[in-house]
Protein chains: 2
Amino acid sequence: MGRTKYLASMAECPTHRLLQRLGGRWVCLVLKELAAGPLHRGELGRVIAGATPKMLTETLRTLERDDLISRTVHEGVPPRVEYALTPRGSSLMPVIAAATEWAERNLTR
Amino acid sequence: MGRTKYLASMAECPTHRLLQRLGGRWVCLVLKELAAGPLHRGELGRVIAGATPKMLTETLRTLERDDLISRTVHEGVPPRVEYALTPRGSSLMPVIAAATEWAERNLTR
DNA sequence: CTGTATCCAAGACGATACTG
DNA sequence: CAGTATCGTCTTGGATACAG
């Protein structure tokens, strides 16, 4: 892997864009939960206690825009919305798993 | 991989701490440069154009604290400081490489 | 050359209340 | 149940000037 010769701006560094996204406060928690199976929003809110409605929505919307999760509305009373990993989202999980393994071995604190 | 049963706070999620760190504006750029071999600060500053002295120092100090890079002072005039990946830093590179590969394949924009 | 010190702007994140 | 709307705070990152 040769040395970069000139400015590698943020726009030219997909890696940074990805890591920046994944570094979001609730992102990896949401992805890990959905990796275990689809969940309704309420369930997500309970499992990921601490995330305010606003942050949860924000996180979910971003992940949806990035095509990492899908959002399915089930009409009725009460309304229900189901979130699930997309194929693309699933393909990202091994990367996160690698990060997790390294982190648990090397990040004492 | 079973579903988490209760609050997974930030403190309990090493993965998030790692991703948060790596998501820093200049972190992955610095690591990638050093992965190609040790560099003096001035060289780093040139290669990673755009990073102000303050940000460069901040990034390097953080990486040093995390034992991902080493800092070696060579006395003399002018003074020279060499930065290099530590073994721990090297061990992280495959994880970053995996992220890079995924990002380049899936992150169109 | 290798940093430090200020100051400042923008964004991330959170608390709280409210709507269909 | 599934969000939206406000508002405030804290953190990140950048511009600039200066020091050993």
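Residue numbering restarts at 1 for every chain, and letters A, B, ... go by the order of the sequence lines. Please read all numbers here as calculations on a predicted model, not as lab measurements.
Taking atom CZ on A:R71 and atom P on D:dC1, their separation rounds to 16 Å, with Å as the unit. Between the P atom of D:dG3 and the CD atom of A:E82 lies a distance of 12 Å, rounded to the nearest Å. Rounding to whole angstrom units, CD of residue A:Q20 and P of D:dT12 are separated by 11 Å. With rounding to whole Å, A:E75 atom CD is found 12 Å from D:dA2 atom P.
Look at A:R61 and you'll find a side-chain N or O under 4.0 angstrom from OP1 or OP2 of D:dG3. Of the side-chain N and O atoms in B:W26, one or more sit less than 4.0 angstrom from OP1 or OP2 of D:dG14. The side chain of A:R25 contributes an N or O atom lying less than 4.0 Å from OP1 or OP2 of C:dG14.
Nearest to the side chain of A:K54, among D:dA5, C:dT2, D:dA15, sits D:dA5. Of the candidates C:dT2, D:dA2, D:dG13, D:dA2 carries the atom nearest the A:V81 side chain, counting heavy atoms from C-beta on. Minimum atom distance to the side chain of A:R46 is reached by D:dC1, of the listed C:dG3, D:dC1, D:dG14. Checking C:dG14, D:dG3, D:dC1 against the side-chain heavy atoms of A:R80 singles out D:dC1 as nearest. Here the nucleotide nearest the side chain of B:M55, chosen from C:dG14, D:dG13, D:dA2, is D:dG13.
Annotation: the span from B:R105 atom CZ to A:S91 atom OG amounts to 9.5 Å, rounded to 0.5 Å.
Comparing A:P53 and A:P78 along DNA chain D, the residue whose closest nucleotide (by nearest heavy atom) sits nearer the 5' end is A:P78. Two residues, B:G23 and A:L60, neighbour DNA chain D, and the one matched to the more 5' nucleotide by heavy-atom proximity is A:L60. DNA chain C is contacted by both A:T52 and B:Y83; B:Y83 maps to the nucleotide lying nearer its 5′ end (nearest heavy atom per residue).
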Next item on the list: Kindly determine whether B:Y83 and B:E43 satisfy side chain to side chain contact (heavy atoms under 4.5 Å, CB included), including the steps that lead there.
Entry: CA-CA 10 Å; B:Y83 291 96; B:E43 298 172 318; over 6 Å; no
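Contact between A:Q20 and B:G23 at its shortest, heavy atoms only, is OE1-O, 3.0 Å. Of all heavy-atom pairs between B:R25 and A:H16, the closest is CA-NE2, 3.6 Å. Counting all heavy atoms, side chain and backbone alike, A:L29 lies closest to B:C13 at CD2-SG, 4.1 Å.
Within the 4.0 angstrom heavy-atom criterion, only backbone atoms of the sugar-phosphate kind lie near B:G24; the bases stay farther away.
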